[in-house]
Amino acid sequence: MKLLLIEDNAAMQTTLRRSFERRGMQVLGCEDGARALALWQASLPDAVLLDLSLPGVDGLDVLSQARAAGLTTPVIVLTARGTVGDRILGLNTGADDYMPKPFDLDELEARVRALVRRSGQADPGARAPTWCGMHVERDSGAVYFGGAPMELAPRELALLQALLGKPGHAIAKERLFELVFPGESQVQPEAIEVVAYRLRKKIAHTGAQLVTLRGLGYLLKASP
C-alpha cells in the first residue's frame, strides 16, 4: 500500500513514516501545499494523510483542488483543528475521514486500511494493474506472478510497482528515485541503477523486460 503524507511538522512526518513503513507500507512525504497536488497526481497513492495547517497553500485548498482535478483517492485529515465546524468543513470539501491530533497510530492504520478496502470495493474500475502475468495486490502492495508472490526486496518492490503503473511508458530516473528512496537525502541518485539491475534479473522469467533508456529513465516492455 502506498500512502502520501502531507504534513509540515518534520517530527510528526518522521514518526508517521517510520511507523507505517514498519507496517509494510510505502510512504511518500510532502511538507507544503504548493507541491502536494503535483506529487499526488504523479504518485497516485492508495490513501492520503492530509494536515490542514500547511505553509503556502492550506490543506483544505489542496483537497479542493485534488477533487476538482478528479482525484478520488481516500483522504484522512489529520489536524489540531478539532472543532465540529472544522470537521464538517473538511468532510464537505472531500475528506473521507477526520482524526484530530494527538491520535493513536494503531487506530490510524486501521482507518487507512478500511478506507482503502472500501474504495476498492466501491470502484470496480480501480483495479490493481496486471501486466505480463504480474499482478499488484491492492491492499498489501505485493506483486504476484502465476498466483504466487514474487520474492522482492522492499526497494525492488517499490520500483516494480511504479513501473507496472505505466508499462510501456518511460519513467524518469529522478521520479523513480523519489518513489524507491523517499526522503532519503543521503542516498546517491545512482543507487536506483543498482535496484534496477537486481530487479531486471528477478523478472526475467515473467516475459517482461526492464529497459534502460539513456537520458529518459526506465520502462517495462514485453519480451519478443
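Just so you know, these numbers use all the heavy atoms, side chains as well, and skip hydrogens, waters and symmetry mates.
Counting heavy atoms from C-beta on, the side chains of Asp32 and Val57 never come closer than 4.5 Å. A 4.5 Å side-chain heavy-atom check between Leu78 and Leu50 finds every atom pair outside the cut-off. Side-chain contact between Glu109 and Phe20 is present, with heavy atoms from C-beta onward closer than 4.5 Å. Using a 4.5 Å heavy-atom threshold, the side chains of Ile76 and Val48 count as separate. Residues Thr206 and Met150 form a side-chain contact, since some pair of their non-hydrogen atoms from C-beta on lies under 4.5 Å apart. At a threshold of 4.5 Å between non-hydrogen side-chain atoms, the residues Leu152 and Lys202 count as touching. Put simply, the side chain of Gln209 does not reach to within 4.5 Å of the side chain of Arg200, judged on heavy atoms. Side-chain contact between Leu220 and Leu160: present, with at least one pair of heavy atoms (C-beta onward) separated by less than 4.5 Å.
Residues Leu63 and Gly94 approach most closely at CD2-C, 3.8 Å, considering heavy atoms. The shortest non-hydrogen separation linking Ser43 to Leu179 is CB-CD2, 4.3 Å. A pairwise comparison of heavy atoms in Gly59 and Leu54 identifies CA-CD1, 3.9 Å as the closest pair. Heavy atoms only, all atoms of each residue included: Ser19 and Leu105 are closest at OG-CD1, 3.7 Å. Annotation for Leu52 and Asp58: closest pair O-OD1, 3.0 Å, computed over non-hydrogen atoms. The minimum heavy-atom distance between Ser53 and Asp8, with the atom names listed, is O-OD1, 3.3 Å.
Here CZ of Arg113 is found 11.0 Å from CG of Leu108. Values are rounded to the nearest 0.5 Å. For the atom pair CD of Gln13 and CG of Leu49, the computed distance is 10.5 Å after rounding to the nearest 0.5 Å. Atom OH of Tyr218 sits about 10.5 Å away from atom CG of Leu199, to the nearest 0.5 Å. From Asp51, atom CG reaches atom CE of Met12 across 8.0 Å, with rounding to the nearest 0.5 Å. If you take CG on Leu28 and CZ on Arg17, they are separated by 8.0 Å, rounding to the nearest 0.5 Å.
Side-chain heavy atoms closer than 4.5 Å link hydrophobic residues (I, L, V, M, F, W, Y) into clusters, and following such links, even through other members, never connects Val211 to Tyr197. In the hydrophobic clustering of this structure, Ile171 does not group with Leu219; members are Ile, Leu, Val, Met, Phe, Trp, Tyr whose side-chain heavy atoms approach within less than 4.5 Å, directly or through other members. Under a hydrophobic clustering in which Ile, Leu, Val, Met, Phe, Trp and Tyr are joined whenever their side-chain heavy atoms come within less than 4.5 Å, directly or via other members, Val187 and Leu176 fall into the same cluster. Hydrophobic clustering (ILVMFWY, side-chain heavy atoms < 4.5 Å, transitive): Phe181 and Val194 are in distinct clusters. Both Leu3 and Phe103 belong to a common hydrophobic cluster when Ile, Leu, Val, Met, Phe, Trp and Tyr are linked at side-chain heavy-atom distances under 4.5 angstrom.
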### Leu163 and Leu210: CA distance, side-chain angles, deciding distance, side chain to side chain contact (heavy atoms under 4.5 Å, CB included) verdict
CA-CA 9 Å; Leu163 293 168; Leu210 198 169; 3.9 Å; yes
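Residues Lys2 and Asp46 are not paired through a salt bridge, judged by the lack of any N-O separation under 4.0 Å between the basic side chain and the carboxylate. One finds no salt bridge joining Glu21 and Arg18 here, because no Lys/Arg side-chain nitrogen approaches an Asp/Glu carboxylate oxygen to under 4.0 Å. The pair Lys101-Glu7 counts as a salt bridge, with a side-chain nitrogen and a carboxylate oxygen less than 4.0 angstrom apart.
Distance alone, capped at 3.5 Å, is enough to place a donor-acceptor pair between the Glu156 side chain and the Ala153 backbone. Gln26 places no side-chain N or O within donor-acceptor distance of the main-chain N or O of Ala158, the cut-off being under 3.5 Å. With hydrogens and angles disregarded, a donor-acceptor distance shorter than 3.5 Å links the side chain of Asp96 to the backbone of Val75. In this structure, Asp61 contributes its side chain and Ser64 its backbone to no donor-acceptor pair below 3.5 Å. When atom types are taken as modelled, the side chain of Thr14 and the backbone of Ala10 share a donor-acceptor pair closer than 3.5 angstrom.
A donor atom on one side chain and an acceptor atom on the other are not found under 3.5 Å apart for Thr72 and Arg67.
Within the 6.0 Å centre-distance limit, the rings of His205 and Phe145 are counted as a close aromatic pair.
With Glu193 as reference, Lys173 is the one residue of Arg198, Gln188, Lys173 to meet the side-chain hydrogen bond (donor to acceptor under 3.5 Å, both in side chains) rule. A side chain to side chain contact (heavy atoms under 4.5 Å, CB included) with Pro45 holds for exactly one of Val27, Leu39, Leu4; it is Leu4.
Within a 6.0 Å sphere centred on CD of Glu190, heavy atoms belonging to other residues, nucleotides or ligands number more than 12.
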